[in-house]
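First comes the structure, then the notes that go with it.
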Amino acid sequence: MELKNRIVMAPMTRSRSPGGTPNDEVVGYYTRRAAANVGLILSEGTLTRRRGAGDDPNVPLFWGEGPLGGWKRVIDSVHEAGGKMGPQLWHLGMARRPNQGHFPDAPSDGPSGLTLKGKKVAEEPSEAEVLDMAQAYADAAADAKRLGFDCIELHGAHAYLIDQFFWEQTNQRTDRFGGSIERRAEFAAETIRRCRAAIGDLPMIIRISQWKSVDYGAKVARTPEELERWVRVLVDAGVDIVHCSQRRIEEPEFPDVDGPKGLNLAGWVKKLSGLPTISVGSVGLTSEFTGAFQGEGSKAGKLDAVLERLDRGEFDLVAVGRALLQDPEWVRKVEERRFDELRNYDAQALQSYF
Ligand SMILES: Cc1cc2nc3c(=O)[nH]c(=O)nc-3n(C[C@H](O)[C@H](O)[C@H](O)COP(=O)(O)O)c2cc1C
């Protein structure tokens, strides 16, 4: 996959697709970023066909005639504007608010029927059900390829379904999907293998994170050795790129090992896996993103720290979230060194369109 530059638009849920179908506004939103030179656009999280995958009827689906027709218009328009794009395939698992979404009555899926706080609220699903959860991503991946998308991203971060398998607190299975770090990565591996069978050599990204929405200090891998065992499973299953989600890109992952200016998560994953990685987190802004949901803005900041790491080859691509949500022209302004025109992030950007 050849890209115009190393900037990726981070996946950002917008809840602007009533009934699950991306409409004209959504087509325009992505096309504006493509036309202004974003190297690779990752879509907002879009839901797999498992009925309990989501909890918001305005979040797009990635299955069914209507929604896929909407996505076809998005990708055709992005291509016309000279962009490249992949959908982020999403299943909330037990992070879902029950009784809400496109199918309020559907049960929520999860590795062990545990909430993110570890409370048992449902039976553990059978192996056949787990395999269907994996196949649902692969079915969406096949549709992404058929519609002409340039890659796919599996959302394996932030304590959603795939991450619930990675994380000990939500995965207490005793079959091949639970136990050691390798076994907790087996659901992702099964999903990756099924997606690979569905899309051939189309590039496949998986997004992972140590942090969880309910616990910013959580760690799936406590040491580089554990991280190596975790990503090895993903590499062997056939993923091409690892997207390492951090809230602040400059934070070292294992400062005890390589100091306060040491490698960040994307740096470590690249070093240990040999795969290209995407890094992310507060690029061009002075504060991290979770405050955005409580109406917090953020000031435009310097790019020196990220450029230094990029120049060292620590990671290959840099994802930008809020700065691109605020300003479709962000990449063009940076390319043309119009730094004084970069805008502060205003939480109103979430409401105003687009
Ligand atoms: C409004 C909003 C929605 C988001 N939705 C998603 C999502 O659907 N999937 C995902 O993996 N991350 C999501 N994120 C996280 C972003 O992809 C990104 O990692 C985060 O905003 C940090 O980048 P930034 O500091 O450049 O904004 C969201 C962030 C924001 C602000």
Side-chain angles (χ1 to χ4, degrees), residues 1-14 16 25-44 74-75 77-86 88 150-151 243-251 261 264 266-267 276-292 295-354:
M1 177 165 62
E2 271 190 37
L3 303 175
K4 278 184 194 167
N5 56 53
R6 293 174 187 269
I7 304 297
V8 176
M9 179 169 168
M12 283 178 288
T13 293
R14 300 310 317 270
R16 301 279 188 150
E25 285 187 314
V26 176
V27 173
Y29 167 73
Y30 288 115
T31 304
R32 274 192 286 286
R33 273 84 185 164
N37 282 354
V38 174
L40 175 65
I41 295 173
L42 295 173
S43 79
E44 59 203 289
V74 170
I75 188 58
S77 177
V78 162
H79 281 162
E80 234 166 79
K84 297 235 163 121
M85 181 170 185
Q88 187 193 50
D150 302 285
C151 63
H243 186 173
C244 303
S245 170
Q246 289 185 250
R247 294 183 302 133
R248 301 177 195 86
I249 200 164
E250 73 281 2
E251 257 171 24
K261 296 220 159 177
N264 74 8
T277 57
I278 308 175
S279 197
V280 65
S282 309
V283 172
L285 295 173
T286 51
S287 58
E288 60 89 34
F289 84 100
T290 50
E296 268 176 37
S298 186
K299 288 217 164 75
K302 292 209 161 113
L303 295 168
D304 306 19
V306 59
L307 285 174
E308 218 174 274
R309 285 174 184 266
L310 198 53
D311 284 345
R312 285 203 300 258
E314 185 172 333
F315 36 74
D316 303 273
L317 297 153
V318 175
V320 175
R322 288 162 298 159
L324 265 172
L325 195 151
Q326 176 76 39
D327 184 359
E329 300 282 325
W330 190 88
V331 173
R332 183 165 281 155
K333 287 179 182 172
V334 170
E335 280 177 331
E336 294 172 0
R337 311 210 166 277
R338 288 151 55 202
F339 297 118
D340 54 335
E341 290 176 43
L342 296 179
R343 297 193 212 148
N344 296 333
Y345 173 73
D346 176 349
Q348 276 307 316
L350 278 184
Q351 317 308 334
S352 61
Y353 213 70
F354 242 3

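The structure presented is a predicted model; accordingly, all values stated were derived computationally and were not measured. Numbers here are sequence positions counted from 1. Side chains are part of it too, since the values below use all heavy atoms of this structure and drop only hydrogens, waters and symmetry mates.
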Test side-chain contact (heavy atoms from CB on, under 4.5 Å) on Tyr30 and Ser43 and set out the steps. CA-CA 8 Å; Tyr30 288 115; Ser43 79; 4.0 Å; yes
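- A donor-acceptor distance shorter than 3.5 angstrom exists from the side chain of Glu314 to the backbone of Asn264, with no hydrogens or angles considered.
- Nearest approach of Ile278 to Ala266, heavy atoms of both residues: O-CB, 3.8 Å.
- Here the side chain of Thr286 pairs a donor or acceptor atom with the backbone of Lys299 at under 3.5 angstrom.
- Of all heavy-atom pairs between Ala34 and Gly83, the closest is CB-CA, 3.9 Å.
- Without hydrogens or angle criteria, Ser287 side chain to Ser298 main chain gives no donor-acceptor distance under 3.5 Å.
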Would you sort out whether Leu317 and Leu3 count as a side-chain contact (heavy atoms from CB on, under 4.5 Å), showing the intermediate values? CA-CA 10 Å; Leu317 297 153; Leu3 303 175; 3.9 Å; yes
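- Closest approach of Asp316 to Pro276, counting heavy atoms only: OD2-CA, 3.0 Å.
- Side-chain atoms of Arg343 come within 3.5 Å of backbone atoms of Gln326 as a donor-acceptor pair (strictly under, hydrogens ignored).
- The backbone N or O of Ala319 lies less than 3.5 Å from no partner atom in the side chain of Arg6, so there is not a single donor-acceptor pair.
- The main-chain N or O of Met9 is never found under 3.5 Å from a side-chain atom of Arg33 such that the two would form a donor-acceptor pair.
- None of Val280, Asn5, Val283 except one satisfies the side chain to side chain contact (heavy atoms under 4.5 Å, CB included) rule with Val318; the exception is Val283.
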After noting the C-alpha distance and the side-chain angles of Val8 and Val320, does the key distance pass the side-chain contact (heavy atoms from CB on, under 4.5 Å) rule? CA-CA 6 Å; Val8 176; Val320 175; over 6 Å; no
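- Of the possible polar contacts, one joining the Arg322 side chain to the Glu288 backbone as a donor-acceptor pair under 3.5 Å is found.
- Side chain of Ser282 to main chain of Arg247: a donor-acceptor pair is present (N/O by atom type, distance under 3.5 Å, no hydrogens or angles).
- In this structure Lys261 satisfies the side chain to side chain contact (heavy atoms under 4.5 Å, CB included) test with no other residue, sequence neighbours excluded.
- Between the Arg309 side chain and the Ala305 main chain, no donor and acceptor come within less than 3.5 Å of each other.
- Interatomic distance, Asp150 CG to Glu2 CD, rounded to the nearest 0.5 Å: 12.0 Å.
- When atom types are taken as modelled, the side chain of Lys4 and the backbone of Gly82 share a donor-acceptor pair closer than 3.5 angstrom.
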